[in-house]
Number of protein chains: 2
Amino acid sequence: MGYSISQVAEKFDLTAHTIRYYDKEGLLPFIDRSKAGNREFSDSDLEWLKLICCLKNTGMPIKQIKQYIEWCLQGDDTLEIRRQMFIDHRKEVLKQMDDLKENLKTIDYKLELYDSGCSIPLNGNKS
Amino acid sequence: MGYSISQVAEKFDLTAHTIRYYDKEGLLPFIDRSKAGNREFSDSDLEWLKLICCLKNTGMPIKQIKQYIEWCLQGDDTLEIRRQMFIDHRKEVLKQMDDLKENLKTIDYKLELYDSGCSIPLNGNKS
DNA sequence: ACTTGACTTAGAGCTAACTCAAAGTGCTAA
DNA sequence: TTAGCACTTTGAGTTAGCTCTAAGTCAAGT
């Protein structure tokens, strides 16, 4: 009989509010409903949600994820454009990792200074 | 005579608006002014801005960065708490990198499917 | 003196992504 | 059958981080 919205919320560390919001925004057009009108998530739906969270957590805006879902619904005509989307997005994720590494260096440098017990005044290298 | 706000904006790929916003939020309490009242950034100010951008780009909220700046202004009494802040933030950055790596795996898996020319229907693993 | 252009301020407006409230429905257990 | 709870919807409110507007100042060039 599938998972309820609150079960899915717990599984994905989201709130039921957020999942309904994603649904409203067109990210989940394939979720079945029970007789009572409640959302019923299948295992395949969870796979979709996992991908959606992956894209969202790597900085893709909701609107673009919605665009991707729409392409999926359109069928094989959009295979190439979807593939290209993943190629482009992959590049952005690599960029994020590079930026993160660079910033980690800055943080590590500051930590070295703090660990050496060295006091750094606000206008350190001025005079 | 220092750098003007628009020079700094260009250097850091920010807008002058954004820099004024950071100033208003208390992130730049040490910037000198010219006779005319214009901001004049020294090389040391650029170092501060670089650190601020590093913290912001690794997900630290403006308010917390402001807190850090205030601790700096308070002097050596806050050295230990600042050190701890960097230790905590470093942990979060490492977490971000881990998450990014995990998500990259998902994206690479999708790309493999697309590259193999395999069509994946919306309810792929249902029936 | 006049224009041009970069700067100033206060404060309003905007976008993304939630987050919540109100009012209502339907299953389940006592 | 009544209570309780998880779900439903619509639509408004919130937060962070900008982003822009209006009205004005100042200094340099012609």
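Labels below follow one simple rule: chain letters A, B, ... track the order of the sequence lines, proteins then strands, and each chain is numbered from 1.
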Nearest listed nucleotide, side chain of A/K24, among D/dG11, C/dA17, C/dC7: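 The nucleotide sitting nearest to the side chain is D/dG11.
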Proximity to the side chain of B/I5 - top-ranked nucleotide from D/dA6, C/dT8, D/dC18: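 Given the options D/dA6, C/dT8, D/dC18, the side chain of B/I5 is closest to C/dT8.
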Should [X] be listed as having a side-chain N or O under 4.0 Å from OP1 or OP2 of [N]?
| X | N | answer |
| --- | --- | --- |
| A/S4 | D/dC7 | yes |
| A/T15 | C/dT19 | no |
| B/R39 | C/dT8 | yes |
| B/R33 | D/dT25 | no |
| A/Y22 | C/dC18 | yes |

Salt-bridged, [X] to [Y], with N to O below 4.0 Å?
| X | Y | answer |
| --- | --- | --- |
| A/K105 | A/E102 | yes |
| A/E92 | A/K95 | no |
| A/E47 | A/K50 | no |

Spacing of [X] atom [atom1] relative to [N] atom [atom2], expressed in whole Å:
| X | N | atom1 | atom2 | value |
| --- | --- | --- | --- | --- |
| A/I19 | D/dT9 | CD1 | C1' | 17 Å |
| B/N57 | D/dG17 | CG | P | 12 Å |
| A/K66 | C/dA16 | NZ | P | 13 Å |

A/N57: which of B/L100, B/D99, B/N103 passes side chain to side chain contact (heavy atoms under 4.5 Å, CB included):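 Result for side chain to side chain contact (heavy atoms under 4.5 Å, CB included) with A/N57: B/N103.
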Counting the atoms with a prime plus P, OP1 and OP2 as sugar-phosphate, which does [X] contact under 4.0 Å by heavy atoms, base, sugar-phosphate, or nothing?
| X | value |
| --- | --- |
| A/S34 | nothing |
| B/R20 | base |
| A/K35 | nothing |

Given DNA chain C, 5'-ward residue of the pair A/H17 and A/P61, judged by closest heavy atom: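 Counting from the 5' end, the first nearest nucleotide belongs to A/P61.
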Donor-acceptor pair between B/R82 and B/Y68 side chains, under 3.5 angstrom: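 Judged by distance alone, the side chains do not pair up.
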